[in-house]
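These numbers were taken from a predicted model, which means no experiment stands behind them.
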Amino acid sequence: MNSFINRSFSRREKLLMLFLVLILLAGLYFYLVHYPITSRLEEIDEETDEVLFQTDIANTRLGLYNDMKSELDEIFAMPEDQITVMPEYDNIQTLMNMFNVIFAGTQQNLSFDEVKINDNNVAERTVRFSFNADSYDHARQILSALTGTGYRCLMNSLSFSPVASQGQEKSNVENSGLRVSGDITFYEKVVD
């Protein structure tokens, strides 16, 4: 055994051992340095992509928030009598009480279409109405009260025509009563 340790290696053996040492060092470099660094860089790239994705989502939400906030600010800047709310479904009894007050003293005719509930859980209640008013100002007052209930609504159609009183040959909007008709949709939120 001593003779093997004291033996001198040939030039070819030295080159072969140097080559093996270089291969071992290259393997150690790739195993201990190169692969950990490249895998960590890939992880960093994936984390960066995730952070950018989350940032995009946050920016989108911020944009939606700012849009809703500006819309709310615009609503709250309105005069109080123009702000409307969407009551919970089924609000028919409250509407009927309001109609009794609004149309008091008139010959009114009310009919209700079937309630439609859309995909956004909003009930649409369309009311067809007709009534006689003593004058244009009276009709306007009733229509203002009807659209100014404080509940979210949309006047879909409206028509009026003069009604001749006895002894009047010719009637017009300014000097006679009016027959007013139309339909209006009231919106109510459906709560599960």
Kindly compute the distance separating [atom1] ([X]) from [atom2] ([Y]), expressed to the nearest 0.5 Å.
| X | Y | atom1 | atom2 | answer |
| --- | --- | --- | --- | --- |
| M86 | K189 | CE | NZ | 8.0 Å |
| I102 | N97 | CD1 | CG | 11.0 Å |
| L178 | H138 | CG | NE2 | 10.5 Å |
| N66 | N59 | CG | CG | 10.5 Å |
| R125 | C153 | CZ | SG | 13.5 Å |
| I184 | L110 | CD1 | CG | 11.0 Å |

Open item on the list: Among residues at least two apart in sequence or on other chains, which ones pass side chain to side chain contact (heavy atoms under 4.5 Å, CB included) with S130?
Closed with: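 Scan of S130 (side chain to side chain contact (heavy atoms under 4.5 Å, CB included), adjacent residues dropped) gives N109, R179, S181.
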Task: Contacts of type side chain to side chain contact (heavy atoms under 4.5 Å, CB included), residue L41, not counting sequence neighbours - done: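 Counting only residues at least two positions away or on another chain, L41 forms a side chain to side chain contact (heavy atoms under 4.5 Å, CB included) with I37.
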Open item on the list: Run the salt bridge (Lys or Arg N to Asp or Glu O under 4.0 Å) test against E47 and tell me which residues pass, sequence neighbours left out.
Closed with: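 For E47, the residues satisfying salt bridge (Lys or Arg N to Asp or Glu O under 4.0 Å) (neighbours in sequence not counted) are R40.
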Could you tell me whether the side chain of [Y] reaches within less than 4.5 Å of the side chain of [X], counting heavy atoms only?
| X | Y | answer |
| --- | --- | --- |
| N132 | T106 | no |
| L143 | M155 | yes |
| Y187 | N91 | no |
| F112 | M96 | yes |
| L146 | F99 | yes |
| E188 | L95 | yes |

Task: hydrophobic_cluster_shared for Y89 and V127, side chain cutoff 4.5 Å - done: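 In one cluster: no.
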Open item on the list: Between L154 and I117, is there shared hydrophobic-cluster membership here, with clusters defined by ILVMFWY side-chain heavy atoms closer than 4.5 Å?
Closed with: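 Shared cluster, no.
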- [ ] Taking side-chain hydrogen bond (donor to acceptor under 3.5 Å, both in side chains) as the test, write out the residues that go with E124, two or more places apart.
- [x]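 Scan of E124 (side-chain hydrogen bond (donor to acceptor under 3.5 Å, both in side chains), adjacent residues dropped) gives N118.
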TODO: Please identify each residue that fulfils side-chain hydrogen bond (donor to acceptor under 3.5 Å, both in side chains) with N156, with sequence neighbours left out.
DONE: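 Scan of N156 (side-chain hydrogen bond (donor to acceptor under 3.5 Å, both in side chains), adjacent residues dropped) gives D183, T185.
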Please tabulate, for side-chain N and O atoms in residues 11-29, each donor-acceptor pair with protein atoms closer than 3.5 Å (sequence neighbours left out).
| from | atom 1 | to | atom 2 | distance (Å) |
| --- | --- | --- | --- | --- |
| E13 | OE1 | S10 | N | 3.0 |
| E13 | OE2 | R7 | NH2 | 3.3 |

Open item on the list: Taking the six-membered ring for Trp, are Y151 and F186 closer than 6.0 Å centroid to centroid?
Closed with: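 Centroid distance Y151-F186: not below 6.0 Å, so no.
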- [ ] Give a yes or no on this: more than 12 heavy atoms of other residues, nucleotides or ligands lie within 6.0 Å of atom CD of E114.
- [x]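 No, the 6.0 Å shell around CD holds no more than 12 heavy atoms from other groups.
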Task: Heavy-atom neighbours of Q107 CD exceed 12 at 6.0 Å - done: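 Atom CD in Q107 is not crowded, with 12 or fewer foreign heavy atoms closer than 6.0 Å.
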- [ ] Heavy atoms only: give me the nearest D67-S70 pair and the separation to one decimal.
- [x]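 Residues D67 and S70, closest heavy atoms: O-OG, 2.9 Å.
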Task: Closest contact, heavy atoms only, V180 versus A139 - done: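 What the structure gives for the nearest pair is CG2-CB, 3.9 Å.
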- [ ] Please report the C-alpha distance between I92 and V115 in whole Å, then the side-chain angles of each, then the deciding distance to 0.1 Å, and finally whether the side chain to side chain contact (heavy atoms under 4.5 Å, CB included) criterion is met.
- [x] CA-CA 10 Å; I92 186 67; V115 175; over 6 Å; no
